[in-house]
Amino acid sequence: MFRPLPDVPVEFDAVYNGRISPIKRHHLAFDIERLAHITYSIGELPPVAARAFVRRLQARSPLHQIANPLVDGWPGKLTAQQVNRVYNQAAVGLCLSAVEGAMYSSMEYLMAGLPIVSTPSLGGRDVYFDPDYCIVADPEPAAIRRAVETLRDRAIPRQQIRRRTLEKVQAQRIELMAFLTALLRRKVSRAPPIETWPFPGTDGMMRRGTVREIAAFVSEPEPT
């Protein structure tokens, strides 16, 4: 779903896909000259505060834009295809939270061919970073702006970033497919081995049980 698109002009120095939440630290991007926001709410702030958050983003600069459609001050959803197009309109992707999980958008940026400016973080989003096209900058607006300008000016081909990222993830894709194939065998499934990516899904791999039952299943030897 996320990949470089031909003939999409770059209109923004950076894009930040970050939900309405203080942990996303949007303010660190405020010094960037041309910035696109992709944002949404999962209810971390009450509606009044969330709308105020959106107004603050809008008021920061006429060159900062919210890509989501706004209805009564509330950001609507974008499809994956629409998100990918916004990524392609930007030169750099931003990752600004300090503590988080894997942060899906970091991989989305790389698959779309965007270099990344990140802050130091806990959670694992830097696993697939490469110093050739990823900069971990101090969590200060001026440092973030300088890092964005550095990567923007390098103009690294997007297909190169995507290709090198795919090379990094391939080994783990193979490992995951082997694990799921072994799981199917242990469930005495007649399903064929999972050998292609993306694979057709994990229907039939889930089961419910107590912790004791699941632990017993995990410790069972594989069928021969």
Side-chain angles (χ1 to χ4, degrees), residues 1-6 8 15-19 21 23-24 38 40 42 67 77-88 90 92-95 97 99-116 118 121-134 136 156-224:
M1 292 184 288
F2 301 97
R3 60 185 62 247
L5 298 175
V8 174
V15 57
Y16 189 27
N17 187 343
R19 68 184 185 272
S21 172
I23 75 165
K24 286 295 189 174
I38 299 171
Y40 53 94
I42 62 171
K77 292 183 178 181
L78 296 174
T79 66
Q81 291 75 18
Q82 290 171 324
V83 170
N84 186 54
R85 185 170 184 85
V86 178
Y87 289 163
N88 277 266
V92 177
L94 298 177
C95 302
S97 54
V99 179
E100 200 170 4
M103 190 178 182
Y104 288 177
S105 56
S106 64
M107 183 56 74
E108 294 173 3
Y109 296 151
L110 293 171
M111 290 292 95
L114 290 183
I116 287 178
S118 175
S121 65
L122 296 175
R125 68 179 180 234
D126 57 337
V127 168
Y128 298 111
F129 284 5
D130 187 297
D132 287 348
Y133 45 80
C134 299
V136 178
I156 303 166
R158 297 190 183 221
Q159 289 291 355
Q160 177 181 329
I161 295 174
R162 176 181 171 82
R163 175 182 54 78
R164 289 175 59 175
T165 303
L166 285 170
E167 290 172 354
K168 290 176 181 288
V169 304
Q170 181 63 14
Q172 288 184 308
R173 287 181 171 181
I174 292 172
E175 183 180 356
L176 175 60
M177 290 188 290
F179 171 82
L180 294 176
T181 295
L183 180 60
L184 285 171
R185 288 184 60 204
R186 295 179 65 181
K187 292 172 67 66
V188 197
S189 170
R190 291 189 174 87
I194 298 173
E195 297 177 335
T196 60
W197 189 284
F199 49 84
T202 55
D203 290 344
M205 294 186 186
M206 305 279 293
R207 62 180 289 180
R208 294 185 179 274
T210 66
V211 172
R212 187 180 301 276
E213 290 168 340
I214 298 300
F217 173 75
V218 171
S219 62
E220 290 175 3
E222 290 191 21
T224 57

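Numbering starts at 1 and runs along the sequence shown.
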Backbone N/O of [Y] and side chain of [X]: donor-acceptor pair under 3.5 Å:
{"X": "Thr79", "Y": "Gln82", "result": "yes"}
{"X": "Asn84", "Y": "Ala112", "result": "no"}
{"X": "Ser121", "Y": "Val99", "result": "no"}
{"X": "Asn88", "Y": "Leu114", "result": "no"}

Exercise for review: Quick one: pull up OG in Ser105 and CD in Glu100 and give me the separation to the nearest 0.5 Å.
Suggested key: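 The CD atom of Glu100 is 7.0 Å from OG of Ser105, to the nearest 0.5 Å.
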Review point. Roughly how far, to the nearest 0.5 Å, is CH2 of Trp197 from CE of Met177?
Key: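 Rounded to the nearest 0.5 Å, the CE-CH2 separation comes out at 7.0 Å.
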Practice item. Could you check whether the rings of Tyr109 and Tyr87 sit parallel, tilted or perpendicular, using 30° and 60° as the cut-offs? Key: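 Perpendicular.
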Practice item. Take Leu176 and Leu180 through the side-chain contact (heavy atoms from CB on, under 4.5 Å) test and state the conclusion after the steps. Key: CA-CA 6 Å; Leu176 175 60; Leu180 294 176; 4.0 Å; yes
Mind checking whether [X] and [Y] have side chains closer than 4.5 Å, heavy atoms only?
{"X": "Ile194", "Y": "Leu184", "value": "yes"}
{"X": "Cys134", "Y": "Leu110", "value": "yes"}
{"X": "Val15", "Y": "Leu94", "value": "no"}
{"X": "Asp126", "Y": "Ser118", "value": "no"}

Minimum heavy-atom distance [X]-[Y], with the two atoms named:
{"X": "Met111", "Y": "Thr165", "answer": "CE-CG2, 3.3 Å"}
{"X": "Ile116", "Y": "Cys95", "answer": "CG2-SG, 3.9 Å"}
{"X": "Arg162", "Y": "Phe2", "answer": "NH1-O, 2.8 Å"}
{"X": "Ala67", "Y": "Ile38", "answer": "CB-CG1, 4.1 Å"}

Exercise for review: Before accepting this row, confirm whether a basic side-chain N of the pair Arg208/Glu213 lies closer than 4.0 Å to the acidic partner's carboxylate O.
Suggested key: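 The answer is no: the pair does not qualify as a salt bridge.
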Check your understanding: Between Ser97 and Arg125, do the side chains contain an N or O donor and an N or O acceptor separated by less than 3.5 Å?
Key ->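 Result is yes, a qualifying pair exists.
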Practice item. Start with the C-alpha distance between Glu108 and Tyr104, add both sets of side-chain angles, then the distance that settles side-chain contact (heavy atoms from CB on, under 4.5 Å), and finish with yes or no. Key: CA-CA 6 Å; Glu108 294 173 3; Tyr104 288 177; 4.0 Å; yes
Check your understanding: Can you name the one residue among Gln160, Arg164, Arg158 that meets side-chain contact (heavy atoms from CB on, under 4.5 Å) with Tyr133?
Key ->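 Filter result, single survivor: Arg164.
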Exercise for review: Decide yes or no on side-chain contact (heavy atoms from CB on, under 4.5 Å) for Lys24 and Arg19, but give the supporting numbers first.
Suggested key: CA-CA 7 Å; Lys24 286 295 189 174; Arg19 68 184 185 272; 3.5 Å; yes
Point to revise | Within 6.0 angstrom of Glu167 CD, more than 12 heavy atoms from elsewhere | key: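 It does: Glu167 CD has more than 12 such atoms within range.
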Practice item. Verify side-chain contact (heavy atoms from CB on, under 4.5 Å) between Leu166 and Arg173, making sure each step is shown before the conclusion. Key: CA-CA 10 Å; Leu166 285 170; Arg173 287 181 171 181; 3.9 Å; yes
